[in-house]
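Inspection log for the structure reproduced underneath, given as structure tokens.
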Amino acid sequence: MPPMDAGTAEKALATLPGWTLAAHGRALTRRWEFKGFARAVQMVNLAAWLGGTQGHHPDVRFGWGYFEVTFITHGAGGLTENDLICAARLNAISDH
């Protein structure tokens, strides 16, 4: 599956609150901030669970007070529809 072009990615981004498109246009990233470490670890576990259920594993970074996740389809060399689906699903289960 070829990666989507930058214009398509930007249009899709409008439907994903909190997400940003990387400068090169090939990845989506979102950062959450918390008042502690435990919630960041919970988000890592949530992203890992989602990745496992979708067969699409994100890159994650976390530490005290923050969690950051990036979706990119490495095999395609950029964003695919699966990245957008995973970002939307992570929003749906984390923003409650």
Side-chain angles (χ1 to χ4, degrees):
M1 172 183 314
M4 63 181 65
D5 62 71
T8 302
E10 287 178 21
K11 284 181 186 176
L13 187 65
T15 67
L16 295 168
W19 292 85
T20 58
L21 188 61
H24 51 64
R26 296 183 312 220
L28 290 175
T29 300
R30 182 169 175 192
R31 180 181 176 101
W32 284 260
E33 295 189 4
F34 312 105
K35 293 183 180 181
F37 186 70
R39 183 69 175 123
V41 172
Q42 289 173 339
M43 288 296 296
V44 169
N45 289 330
L46 184 62
W49 171 82
L50 177 66
T53 63
Q54 299 298 302
H56 194 66
H57 305 94
D59 296 330
V60 297
R61 288 163 293 289
F62 73 102
W64 192 95
Y66 76 94
F67 163 73
E68 189 173 281
V69 61
T70 299
F71 284 106
I72 181 173
T73 301
H74 296 285
L79 288 173
T80 64
E81 186 176 350
N82 201 22
D83 297 303
L84 302 174
I85 291 167
C86 287
R89 287 183 176 168
L90 189 57
N91 273 6
I93 58 179
S94 68
D95 289 346
H96 285 86

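Since this is a predicted model, take the numbers as computed values, not measurements.
Linking ILVMFWY side-chain heavy atoms closer than 4.5 Å, directly or via other members, places Ile72 and Phe62 in two distinct hydrophobic clusters. In this structure, Trp32 is a member of the same hydrophobic cluster as Leu21, with clusters built from ILVMFWY side-chain heavy atoms closer than 4.5 Å. Transitive grouping of hydrophobic side chains (ILVMFWY, heavy atoms separated by less than 4.5 Å) keeps Trp19 and Ile85 in distinct clusters. Connection of Met43 to Tyr66 is not established within any shared hydrophobic cluster, with ILVMFWY side chains joined at heavy-atom distances below 4.5 Å, either directly or through further cluster members. In this structure, Met4 is a member of the same hydrophobic cluster as Leu28, with clusters built from ILVMFWY side-chain heavy atoms closer than 4.5 Å.
Listed here is the closest heavy atom pair of Gly25 and Leu79: O-CD1, 3.9 Å. Contact between Gly78 and Pro3 at its shortest, heavy atoms only, is CA-CB, 3.7 Å. For the pair Thr80 and Pro2, the tightest heavy-atom approach, listed with the atom from each and the gap, is CG2-O, 4.2 Å. Closest approach of Val60 to Ala47, counting heavy atoms only: CG1-CB, 4.1 Å. Across Phe71 and Cys86, no two heavy atoms sit closer than the pair CE2-CB, 3.4 Å. Residues Ala40 and Gly63 share a closest heavy-atom pair of CB-O, 3.5 Å.
A distance of 14.5 Å separates CH2 in Trp64 from CZ in Arg39, rounded to the nearest 0.5 Å. For the atom pair CD of Glu81 and OG1 of Thr73, the computed distance is 10.5 Å after rounding to the nearest 0.5 Å. The distance from the CZ atom of Arg89 to the CG atom of Leu84 is 12.0 Å, given to the nearest 0.5 Å.
Contact of the Leu90 side chain with the Gln54 side chain is not registered, since no non-hydrogen atoms from C-beta on lie closer than 4.5 Å.
The main-chain N or O of Leu16 is never found under 3.5 Å from a side-chain atom of Asn91 such that the two would form a donor-acceptor pair.
In Gln42, the CD atom is crowded: over 12 heavy atoms of neighbouring residues, nucleotides or ligands sit closer than 6.0 Å.
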Evaluate Arg26 against Asp83 for side-chain contact (heavy atoms from CB on, under 4.5 Å), listing each step before the verdict. CA-CA 10 Å; Arg26 296 183 312 220; Asp83 297 303; over 6 Å; no
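Residues satisfying the salt bridge (Lys or Arg N to Asp or Glu O under 4.0 Å) test with Arg61, not counting sequence neighbours, are Glu68. Partners of Arg30 according to the salt bridge (Lys or Arg N to Asp or Glu O under 4.0 Å) rule, which considers only residues two or more places apart in sequence or in another chain, are Asp95.
There is no side-chain donor-acceptor pair under 3.5 Å between Thr29 and Thr20.
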